[in-house]
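Worksheet: one structure, shown below.
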Number of protein chains: 2
Amino acid sequence: MAEKVTIATVARHARVSRQTVSNVINAPHIVRPETRQRVQDAIVTLGYRANQAARQMRTGRSRLIAVRIEPTRDGINGSVLDRFLHGLTETAEASGYRVMLYTAADDEREITAYGDLLSTYDLDGFVITGTDHGDPRTAWLAEREIPFVTFGRPWDHPQAHSWVDVDGAAGTAEATGHLIAAGHRHVGFLGWPAGSGVGDDRRAGWRRALLGAGVDPDGLDTGTEDGIAEGARTTRELLGRATPPTALVCASDSLALGALQTLRGAGTTLPVIGFDDTPVAAAIGLSSVSQPLGDAAARCVDLLTDLLDGPHRDPRQVLLRPALVLRHLA
Amino acid sequence: MAEKVTIATVARHARVSRQTVSNVINAPHIVRPETRQRVQDAIVTLGYRANQAARQMRTGRSRLIAVRIEPTRDGINGSVLDRFLHGLTETAEASGYRVMLYTAADDEREITAYGDLLSTYDLDGFVITGTDHGDPRTAWLAEREIPFVTFGRPWDHPQAHSWVDVDGAAGTAEATGHLIAAGHRHVGFLGWPAGSGVGDDRRAGWRRALLGAGVDPDGLDTGTEDGIAEGARTTRELLGRATPPTALVCASDSLALGALQTLRGAGTTLPVIGFDDTPVAAAIGLSSVSQPLGDAAARCVDLLTDLLDGPHRDPRQVLLRPALVLRHLA
DNA sequence: TCCAGCAACTTGAACGATCCAATCCTGCCT
DNA sequence: AGGCAGGATTGGATCGTTCAAGTTGCTGGA
């Protein structure tokens, strides 16, 4: 068991003062090169590592970023958060930050959790996922000038704060375009009820692509809660309409799976494209729109560190393009 | 913006000394009840929260637990870690601990990461997932007497350290038993190559159940790497054998999915039971053996806090029973 | 020759909690 | 009333780092 190596140990070993060691670490340019070298050698020789707690106490900064880990809801989208978290951790490490997890039963309690995390851990910032219209969490944080980045746009005020998002409309538009290019005209849409930012966005892309091809989307649209059973039911309904679709674009892989169930039951085959490129889609060969989660996570960290390290930068926004992953079921 | 509330603020407000406030927090029983009440009132009134960094510097304990978040390998098992992490975070919070994430490209670098995490963050302990025969990581930690718990048994030395695991053999045995009870005798096994602790364990449960029913398992066993394609190929091979199986038990949902693909292609239907109860299984109606991940995570935290709070407890082990989840494909 | 000006480094103090040892109180016994 | 035991409370030191305010030594202009 090695003795504790502190900044004083390094200072003695390099025959300088503690402060000079601190300067070598935090402001190398103000130290004479040969002294700097001597200190750096001592740091390596002794295996010195700055104690985060002591640094934090003095500076008030923890180099810790908090992310909420939500209970897996329907299970199917669980791996999305998983991949996002991994990317976040990896990029944060590269910038000298660490990721801390917290849970909250609902948005209300999440705000309570903020206070706790901030006062006891001096957290530097938050990454918030899944924001929706008029989110109380972002308002709370903004009011207190606590740095945060959201993964997901604030639909009401596009420039309110820094965020990273994936252009869902571009994704569904590309999926729809692919089907149109394959000769389809009546491309149906399995979506969520109007009113959610994400859902409306994905629907908009599909509409745009159809209108661009001169097809009236109105009879081909549906809106239902997310879920396999809902997808199956809505597909049955859609197939019974006056002009049934010859292909389907869906707002989620869950809905797409439901559609496939109905189609198989009816003995029909139609191209179906899902959204999120979940493992389920990969496993059964369902084409899907894939979100660049690793990229998104990296950009979240970038934006957050900008807010933290830079002196009061303006909020920035990043919109990433998803990719259409084609598999044999399309 | 509120003034910073320190232990001194509380002490002034309650007209006692800092030490008394500290005692109310850390050793309430030695403070006179009425004084204790006065201090607690002051804490609530002022919204005081102990500064973790200062406490950590004095005590050397961070109340932080580290967990590695791995890059999602084949994607299909991603949600397993996800659910485990959520359980971990939730239980840790209840015990006053927080979960910090870290990544490592391989086991070698993971050990390097330990040193970094320990010296800069004063981490209290680790939760290690996916241990295998002669894991270098547990050896490293044990040598330095750093508290850790593994999710997964050390197959070589069952009592070497504290661990939590799920009884895979019991799971496959139950699955096999279910099929036997339904009238099957030739129940095949899609497993991994011999040599991995987890894989051998799952195979053993299947063998035990077959032998118990008086069936010779030898011609019904297979071993292949994990994956959908591998599962499909192995199933074809198995169906071509002298006594083909009339039902299948698999070591993973990936293998089970492969099996289903082959069966569908061959126009046959056989009951298939997977392992892990991934979202994919739930989505397509595949029966599967479900690991109680929330429980497992909670027990991990319990064991770890035992090691941390208690004075040198002996290592403890917890073996949890998985549950067979029956769906229409069984 | 003197001292302003600067670069390079050193010293003392502070962050907020806990630990330690010394002191103060209280009630009880003689 | 005085002494004493024992628990409650107090002040001071401490953890490792950074900030603020020195100190030293050197250069160069008048």
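Note that the coordinates shown come from a computational prediction; the quantities given were computed from them, not determined experimentally. All values below come from the heavy atoms of this structure, side chains included, with hydrogens, waters and symmetry mates left out. Each chain gets a letter, A, B and so on, in the order its sequence line appears, and its residues count up from 1.
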So which pairs with a foot in residues 18-62 of chain B pass ring pair (Phe, Tyr, Trp, His ring centres under 6.0 Å), sequence neighbours left out?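 For residues 18-62 of chain B: none.
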Which residues satisfy the ring pair (Phe, Tyr, Trp, His ring centres under 6.0 Å) test with [X], sequence neighbours excluded?
X	value
B/Tyr114	B/Phe126, B/Trp140
B/Tyr121	none
A/Tyr97	none

Please identify the 5'-most and 3'-most nucleotides of DNA chain C with any atom under 4.0 angstrom from a heavy atom of chain A.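 Answer, 5' to 3': C/dA8 to C/dG16.
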Provide the closest heavy-atom pair for B/Leu123 versus B/Ser62 in the form atom of the first, atom of the second, distance. CA-OG, 3.5 Å
Got a donor-acceptor contact below 3.5 angstrom from the [X] side chain to the [Y] backbone?
X	Y	answer
B/Thr89	A/Thr103	no
A/Arg49	B/Thr120	no
B/Trp155	B/Ser196	no
A/Asp165	A/Arg153	yes
B/Arg38	B/Ala14	yes
B/Asp122	B/Arg61	no
B/Asp167	B/Arg321	no
B/Arg18	B/Ile7	no
A/Thr91	A/Gly87	yes

Within residues 53-66 of chain B, which residues have any heavy atom lying less than 4.0 Å from an atom of DNA chain C?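 The answer is B/Ala54, B/Arg55, B/Met57, B/Arg58, B/Thr59.
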Positions of residues 19-26 of chain A (non-hydrogen atom under 4.0 Å from DNA chain C), listed by number: A/Gln19, A/Thr20
Could you tell me the separation between the CG atom of A/Leu308 and the CG atom of A/Leu303, rounded to the nearest 0.5 Å?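 Answer for the CG-CG pair, A/Leu308 versus A/Leu303, is 10.5 Å.
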Any residue of residues 29-39 of chain B with a heavy atom less than 4.0 Å from an atom of DNA chain D: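 Going residue by residue through residues 29-39 of chain B, the ones with a heavy atom under 4.0 Å of DNA chain D turn out to be B/Ile30, B/Val31, B/Arg32, B/Thr35.
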Under 4.0 Å, heavy atom to any atom of DNA chain D: which of residues 6-17 of chain B qualify? B/Val16, B/Ser17
Tell me, yes or no, whether the heavy-atom count around B/Arg316 atom CZ, taken from other residues, nucleotides or ligands under 6.0 Å, exceeds 12.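 No, not enclosed.
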Are more than 12 heavy atoms, taken from residues, nucleotides or ligands other than B/Arg144, located less than 6.0 Å from that residue's CZ atom?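 Yes, enclosed.
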What residues, two or more places apart in sequence or in another chain, satisfy side-chain contact (heavy atoms from CB on, under 4.5 Å) together with A/Asp107? A/Arg68, A/Glu110, A/Asp135, A/Arg137
Worked verdict on A/Val24 versus A/Val10 for side chain to side chain contact (heavy atoms under 4.5 Å, CB included): CA-CA 11 Å; A/Val24 169; A/Val10 177; over 6 Å; no
Walk along DNA chain D from 5' to 3' and tell me the first and last nucleotide with an atom closer than 4.0 Å to a non-hydrogen atom of chain A. D/dG16 to D/dA20
In degrees, rounded to 10°, what is the bend between the two ends of the helix from C/dT1-D/dA30 to C/dT30-D/dA1, using five pairs at each? 70°
Candidate pair A/Glu70 and A/Thr129, rule side chain to side chain donor-acceptor pair (under 3.5 Å), full reasoning: CA-CA 10 Å; A/Glu70 303 172 67; A/Thr129 59; 3.3 Å; yes
